[in-house]
Amino acid sequence: MSKENLEFQTEVSQLLNLMIHSLYSNREIFLRELISNASDACDKLRVEALADDSLYEGSSDFNIEITFNEKERTLKISDSGVGMSKEEVVANLGTIAKSGTKEFFSKLSGDSAKDSALIGQFGVGFYSAFIVAEKVVVLTRRAGLSPDEAVLWESDGQTGFSIQAAKKESRGTEVTLHFRSATDIDGEKSHDDLLSHWKLSEIISKYSDHIAIPIKMKKQQWDEKKSAYKELETWEQVNKASALWTRQKKDITETQYHDFFKTLSNATDDPLAFSHNRVEGRSEYIQLLFIPKKAPFDLYDRQQKHGLKLYVKRVFIMDDAEQLLPNYLRFVKGVVDSSDLPLNISREILQESRDIKSIRDGCTKRVLNMITDLSEKSPDKFLEFWKEFGQCLKEGFGEDFSNKEKLAKLARFKSSTQNGENDLVSLDDYIARMKQGQEKIYVITGESTQAVLSSPHLEIFKKKDIEVLLLTDRVDEWVLNFLNEYEGKGIQSITKGALDLDKIESKETKDSESENVDNSDKFKAVIEKATEVLGSSVKEVRLSSRLTDSACCLISDEHDVSGHLERLLKSAGQSIPERKPILEINPNHPLVEQLFNESERGGGNIVGADGSSVSDGITDKFSDLILVLFDQALLAEGGQLQDPSLFVKRLNGFLLDGLSKKSV
């Protein structure tokens with residue numbers, strides 16, 4: 001095969017430039033990524049060899065070897081893994097974030113399929129080499145192919161890459177980095193310190209000590225005559241090659257846990273919390289679980305797979321075992337190493353395995369306990385957690401009924417009486433502050449905190465100083481379908497159904513309420529006429545006991561969807577039954593008094609909003625005013641008008657009428 005010069009796919013060149021200068025703030029990560037890829041290649045060969053042991057080519061030993069040359073300024077990482085064919089080289093090394101294992105995994109199916117790991121992201125990880133290198137050369141041969149079918153790949157990370165036939169006796173891959181000369185692109189010092197045995201050993205110990213494959217370097221010995229180290233021909237293992245999670249907790253430092261987490265998740269921050277346990281009983285397994293500090297960008301991408309790494313007796317099985325945790329805990333990173341599962345376990349078996357169910361329950365319990373500990377012992381850390389993962393955790397109300405009470409204790413909400421940006425309220429906090437005689441937990445849903453705080457539905461609660469929880473996350477409407485009571489207290493949305501606040505009313509508000517009762521006869525005709533004018537636009541018109549300052553508001557019947565949920569469903573393109581709201585009017589508001597006066601005048605004959613005939617006794621002004629009030633209530637709850645121009649026309653009519661009276 002003659003040398004071919006190829007261009008990177010899509011915008012790889014631009015992405016490379018961005019990644020080299022922005023994506024990795026720590027240059028040492030390049031070695032972690034390349035060693036991780038080498039380890040993954042060994043794991044991949046181990047899985048493929050279950051079906052065809054001839055791929056071992058007479059040697060089932062796995063090694064990762066690292067050599068360097070100070071004069072030539074090169075660093076080489078070699079592995080005895082599965083290697084790549086020409087087609088795999090072009091596909092995997094020509095596209096950022098292209099996973100060779102994803103292609104490999106898609107070919108496995110049926111009972112004979114042996115699930116494997118997603119072997120890293122052999123794109124972003126591989127190209128991190130260009131943080132320190134001006135040129136990268138890859139020599140690789142896939143296990144099972146002849147020595148003459150090796151491939152040589154070369155690139156400077158900017159102008160594309162070349163590929164040509166080569167010869168390689170052993171299977172696997174060699175990645176050679178040619179370090180930048182005097183200075184790097186940003187004018188900083190060169191990377192000479194990375195071309196030393198002690199520095200490379202330090203990085204390996206820091207990031208890759210847990211890699212189960214032996215990582216070897218040539219021994220060095222102090223030369224007294226030259227006052228320098230000289231390299232020997234013998235190899236030494238520089239990593240412990242012992243999975244961190246298999247060690248005793250007393251032998252692992254917190255720093256080692258944190259470094260392992262960073263390697264596992266490609267994170268730069270320490271985790272908020274972690275838990276390392278050996279579980280014995282019906283199922284025997286080790287769990288090492290981490291709660292990250294920051295949410296990944298794809299946390300809410302349903303197409304993206306999330307899950308723990310699954311090992312069986314330290315043998316790597318898969319990278320995204322979703323069955324080990326419920327979906328609402330998909331932000332958790334970690335490892336589960338089982339002693340009971342078969343090595344050739346497939347995803348289909350995972351779905352049905354009793355052992356997996358036991359592991360899932362155990363991991364879920366452990367994670368929720370970690371989060372509970374954060375809430376009780378580290379409120380500041382818990383606040384960080386909630387801001388990043390609170391919405392995700394709320395999904396558990398619909399997914400995990402067995403842990404509903406635990407989730408309810410962990411849930412946090414904004415409150416109408418707690419105005420600080422970081423003031424979040426638990427349901428226990430709310431119950432502790434409930435008024436004497438209060439039997440329900442009151443909540444309101446909406447688009448934003450500002451929107452719900454200015455809602456007319458809150459007026460009576462502000463007047464009585466009754467706390468209301470503000471539910472402004474998109475998931476909250478869904479949560480209320482499953483969280484309808486807590487500690488024996490019902491949870492009621494103040495935008496739905498009737499309110500019964502009699503038991504917690506003050507003398508002042510009781511007097512006000514008695515006026516409303518007396519007004520029911522007075523406004524009987526107003527309500528009847530308003531109902532006729534609004535026609536099928538509303539289910540009912542009635543006097544309100546929840547309004548103190550506003551003229552009117554819209555509410556939903558107790559068993560109907562709320563206006564907020566209706567808008568969310570429509571924005572998602574879902575069809576829902578037509579909602580008919582209830583219009584509540586405030587008999588003490590001047591506009592409603594004007595409505596009463598117009599009703600008393602009577603006369604006129606007009607057509608209602610739905611085109612139906614309206615009986616006599618209703619003036620044009622009455623009709624326009626009740627329609628304006630209805631539209632105002634719709635706007636106040638965040639809805640959209642069916643005919644905005646007609647609303648403006650009616651409103652302008654009243655404005656002109658008022659202005660003309662003032663000018664007289």
Side-chain angles (χ1 to χ4, degrees), residues 386 390-391 394 397 408 411-421 423-435 438-486 489-501 504-505 509 542 544-571 579 581-586 632-640:
W386 190 259
Q391 290 193 56
K394 286 179 183 178
F397 287 106
R412 296 293 186 271
F413 309 94
K414 292 182 180 178
S415 165
S416 61
T417 61
Q418 311 295 316
N419 299 322
E421 183 180 348
D423 288 336
L424 295 177
V425 175
S426 70
L427 293 176
D428 287 325
D429 293 335
Y430 182 96
I431 289 176
R433 293 194 292 264
M434 285 173 64
K435 299 285 186 180
Q438 184 178 343
E439 297 178 350
K440 292 184 178 181
I441 298 170
Y442 294 107
V443 302
I444 181 171
T445 58
E447 294 288 342
S448 65
T449 302
Q450 183 178 357
V452 293
L453 282 176
S454 59
S455 170
H457 300 88
L458 271 178
E459 291 175 359
I460 189 64
F461 293 89
K462 289 178 180 178
K463 185 171 184 178
K464 295 176 178 292
D465 195 28
I466 300 173
E467 187 174 10
V468 178
L469 299 181
L470 315 178
L471 279 57
T472 56
D473 291 335
R474 292 177 69 87
V475 71
D476 286 335
E477 284 279 6
W478 185 71
V479 168
L480 289 178
N481 290 324
F482 305 97
L483 183 63
N484 44 38
E485 68 90 25
Y486 179 74
K489 306 290 185 182
I491 297 177
Q492 180 178 351
S493 170
I494 65 173
T495 64
K496 295 178 68 175
L499 290 178
D500 182 9
L501 307 179
I504 49 177
E505 286 180 307
T509 51
R542 66 192 186 199
S544 178
S545 60
R546 72 186 81 212
L547 298 173
T548 60
D549 300 318
S550 300
C552 58
C553 69
L554 292 179
I555 66 166
S556 295
D557 208 356
E558 185 177 358
H559 302 293
D560 290 346
V561 298
S562 67
H564 179 52
L565 179 57
E566 180 186 46
R567 290 187 293 278
L568 288 176
L569 294 174
K570 284 183 177 179
S571 67
R579 163 182 171 260
I582 297 170
L583 176 66
E584 289 195 352
I585 57 175
N586 178 5
Q632 284 181 340
L634 187 59
L635 290 172
E637 74 162 13
Q640 291 185 330

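When a residue number appears, it is its place in the shown sequence, counting from 1.
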So, K414 versus T449: side-chain donor-acceptor pair below 3.5 Å or not? yes
Point-to-point distance, once rounded to the nearest 0.5 Å, from CG of L469 to CD of Q418: 10.0 Å
Please check if atom CD in E485 has more than 12 non-hydrogen atoms from other residues, nucleotides or ligands closer than 6.0 Å. yes
Side chain to side chain, I431 and M434, heavy atoms closer than 4.5 Å: yes
Nearest 0.5 Å, what's the CG-CG distance between L470 and D476? 10.0 Å
Give me the one residue out of C552, C553, P456 that meets side chain to side chain contact (heavy atoms under 4.5 Å, CB included) with E584. C553
Non-hydrogen atoms of W386 and A411 that approach each other most closely: CH2-CA, 3.5 Å
Say you draw a straight line from OG1 of T417 to OH of Y430; how long is it, rounded to the nearest 0.5 Å? 8.5 Å
V479: what forms a side-chain contact (heavy atoms from CB on, under 4.5 Å) with it, not counting sequence neighbours? K394, F397, V475, L483
Any donor-acceptor N/O pair, E637 side chain to I555 backbone, under 3.5 Å: no
How far does OG1 of T495 sit from CZ of R546, to the nearest 0.5 angstrom? 8.0 Å
Among K496, H564, E477, exactly one meets side-chain hydrogen bond (donor to acceptor under 3.5 Å, both in side chains) together with T445. Which residue is that? E477
Over all atoms of both residues, closest heavy-atom pair of S426 and R412: CB-NH1, 3.3 Å
For residues 454-475, pull every pair meeting ring-ring contact (aromatic ring centres under 6.0 Å, His included), keeping only residues two or more places apart or in separate chains. Y442-F461
Tell me whether R474 at atom CZ has more than 12 heavy atoms from other residues, nucleotides or ligands lying less than 6.0 Å away. no
Quick one, S556 and R579 - any side-chain contact, counting heavy atoms below 4.5 Å? yes
For S550, is there any backbone N or O sitting under 3.5 Å from a side-chain donor or acceptor partner on E459? yes
Approximate separation, where rounding is to 0.5 Å, of E439 CD and K489 NZ: 7.0 Å
Check L480 against L471 and note the closest heavy-atom contact, atom names and distance. CD2-CD2, 3.9 Å
Are side-chain heavy atoms of L554 and L583 found at a separation under 4.5 Å? yes
Does the distance from a Lys or Arg side-chain N to an Asp or Glu carboxylate O, for D465 and K435, drop under 4.0 Å? yes
I need the minimum non-hydrogen distance between D549 and N586, along with the two atoms involved. N-ND2, 4.2 Å
Considering all heavy atoms, the nearest L458-I444 contact: CG-CD1, 4.5 Å
Spatial distance of atom OG (S493) from atom CD (E558) [nearest 0.5 Å]: 10.5 Å
Taking all non-hydrogen atoms of both residues into account, name the closest pair between V425 and S415 and its distance. CG2-CB, 3.5 Å
